[in-house]
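Okay, structure first, notes after.
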Amino acid sequence: MIRTAAIVWASLLFAGRHAAAAPSPRDTAVALLDGRPVVSEKDLSDYQAAQACYGEGALTSRKAAFMRLLEAAIAEEAMRAHGGPSLAKGDLEREADRIDRETRAPLIIACVKRHFAAAPQDYLRGYVRLVWVESRFRTFLAYDPRVQARARRQILTALERVRGGGCLEASSSELGLAYSSATYALSTSSRAPAVPELNGLRGPPDETEFIRGNLADLAAGQVKAEPVETDFDIRLLRLLSKEGARWTFESVYARKDSEADWFQILPKMKLSVVDKPLRLWLEGIKGNPRFAAVLMETAPEKR
């Protein structure tokens, strides 16, 4: 009798230890990249709760949460694997401080923090991390010289031709670049003038600022020594004439590679989606540029 009771007690103790060691359902992986869990059930529920703070119209569904988290995971992994920024110690704390200083929606941030009040580290992972990833990814994509090597090479080739006496417009045509000419006027008004559209490309935010920053030191006929870079393109400028407050100049533009361009050329990451309904839903989605960098593989089904 005593021996039987001891066996039962040992069995219960063994089972209890294993139950304590077993992962919580909230920690169960929903998606993996190259075998590494990147989205968990907890990530989904935290994201949904945080988005609910944005009020009516916020995308709080399980599918919306999964899409947003998976997109961020793909971007983060692609940056890390190709020389871009990766999270270092203290990065998320610094990003949280920046959000507090710069947010235009303090009530929303306060609501999000209330959800994570019992676990501040979950706030950093479940909310701040997404902000960090997307902001760093935009900068990396637009300004990393390896990502934008094609555009830089095109514009530097055009610059060499022009320095050698070539025609800016002819060089742009030969190299497949966009060309435009425009006349801007210095403005003393505090109100920014309308931004012209140049061949469908975005013009500078303020004509006066653009002239003073890029044309003021040039003589008529002179090309700016260094290309001018924006989030969308790299451009060469030549001042054609200056008549009073009117500045006429010409430009050639090398369009930067887009997110879709870059993800298309990356080596494929293996994506496993454990949740069957989410995997079937994801398989039907077309046109998301980040999914060009992944190869969906069959995974053990969670449900």
Side-chain angles (χ1 to χ4, degrees), residues 79 82-85 102 104 134-265 289:
M79 281 195 297
H82 295 87
E102 300 178 8
R104 297 183 180 181
E134 290 301 334
S135 63
R136 298 312 184 278
F137 177 68
R138 286 193 297 271
T139 301
F140 170 72
L141 184 67
Y143 292 98
D144 187 275
R146 292 155 298 187
V147 176
Q148 299 302 340
R150 179 199 56 80
R152 293 175 188 278
R153 185 169 55 251
Q154 280 185 305
I155 213 69
L156 290 176
T157 300
L159 182 58
E160 288 302 314
R161 290 192 181 188
V162 173
R163 284 173 174 168
C167 170
L168 199 61
E169 184 172 7
S171 295
S172 69
S173 177
E174 292 167 5
L175 295 170
L177 304 175
Y179 172 86
S180 70
S181 61
T183 299
Y184 286 173
L186 279 173
S187 173
T188 58
S189 170
S190 59
R191 182 179 179 184
V195 176
E197 285 291 330
L198 306 177
N199 290 357
L201 296 163
R202 297 171 186 262
D206 177 76
E207 293 179 5
T208 301
E209 178 184 346
F210 181 78
I211 291 169
R212 289 174 177 165
N214 298 292
L215 304 177
D217 294 334
L218 301 181
Q222 186 178 4
V223 176
K224 186 173 173 64
E226 295 295 330
V228 177
E229 189 166 359
T230 74
D231 289 353
F232 308 97
D233 57 62
I234 308 174
R235 59 186 71 175
L236 293 182
L237 305 174
R238 187 207 298 269
L239 180 64
L240 297 176
S241 66
K242 175 192 171 187
E243 299 176 2
R246 294 169 61 83
W247 301 68
T248 300
F249 65 99
E250 59 181 351
S251 311
V252 294
Y253 301 78
R255 298 174 187 268
K256 288 185 171 181
D257 285 346
S258 67
E259 181 176 321
D261 296 326
W262 188 61
F263 279 116
Q264 281 283 352
I265 65 173

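These figures come from a predicted structure and were not determined experimentally.
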Charged N to carboxylate O under 4.0 angstrom, E229 versus R235?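 Answer for the salt bridge query: no.
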Is it true that E243 and R246 make a salt bridge, defined as a side-chain N closer than 4.0 Å to a carboxylate O?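 Looking at E243 and R246, the cut-off is not met.
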Do you know which two heavy atoms are closest between [X] and [Y], and how far apart they sit?
X	Y	value
G84	F140	CA-CE1, 3.4 Å
R212	A216	O-CB, 3.8 Å
A151	K256	CB-CA, 4.2 Å
L239	T248	CD1-O, 3.4 Å
Q154	A254	OE1-CB, 4.0 Å
T208	A185	OG1-O, 4.4 Å

Using 0.5 Å steps for rounding, measure from the [atom1] atom of [X] to the [atom2] atom of [Y].
X	Y	atom1	atom2	answer
H82	I265	NE2	CD1	8.0 Å
T157	E174	OG1	CD	11.5 Å
D144	T139	CG	OG1	11.0 Å
L186	K242	CG	NZ	7.5 Å
L159	I234	CG	CD1	11.5 Å
S251	R238	OG	CZ	11.0 Å

In L236, N214, D233, the residue satisfying side chain to side chain contact (heavy atoms under 4.5 Å, CB included) with V228 is N214
F249 vs F210 aromatic rings, parallel, tilted or perpendicular, using cut-offs 30° and 60°? tilted
Would you indicate whether [X], at its atom [atom1], is surrounded by more than 12 heavy atoms from other residues, nucleotides or ligands within a distance under 6.0 Å?
X	atom1	answer
K224	NZ	yes
D217	CG	no
E102	CD	yes

Please check if the distance between the ring centroids of Y143 and F232 is under 6.0 Å.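 Between Y143 and F232, the centre distance exceeds or equals 6.0 Å.
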Summary of ring pair (Phe, Tyr, Trp, His ring centres under 6.0 Å) pairs that have at least one residue in residues 156-176, sequence neighbours excluded: none
Note, S180 side chain near Y253 side chain (heavy atom, < 4.5 Å): yes
Step by step, would you call F137 with E259 a side-chain contact (heavy atoms from CB on, under 4.5 Å)? CA-CA 10 Å; F137 177 68; E259 181 176 321; 3.7 Å; yes
By side chain to side chain contact (heavy atoms under 4.5 Å, CB included) - contacts of S258 (at least two apart): A260, D261
Between R138 and D231 (side chain of the first, backbone of the second, donor and acceptor by atom type, cut-off under 3.5 Å), is there such a pair? no
So, the side chain of R136 versus the backbone of M79: is there a donor-acceptor pair under 3.5 Å, distance only?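 Side chain of R136 to backbone of M79, a donor-acceptor pair under 3.5 Å: no, none is there.
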Could you check R161 against L175 for side-chain contact (heavy atoms from CB on, under 4.5 Å), going step by step and ending with a plain yes or no? CA-CA 11 Å; R161 290 192 181 188; L175 295 170; 3.9 Å; yes
Applying side chain to side chain donor-acceptor pair (under 3.5 Å), can you list everything that pairs with Q148, at least two apart in sequence or on another chain?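 With neighbours one apart ignored, the set is empty.
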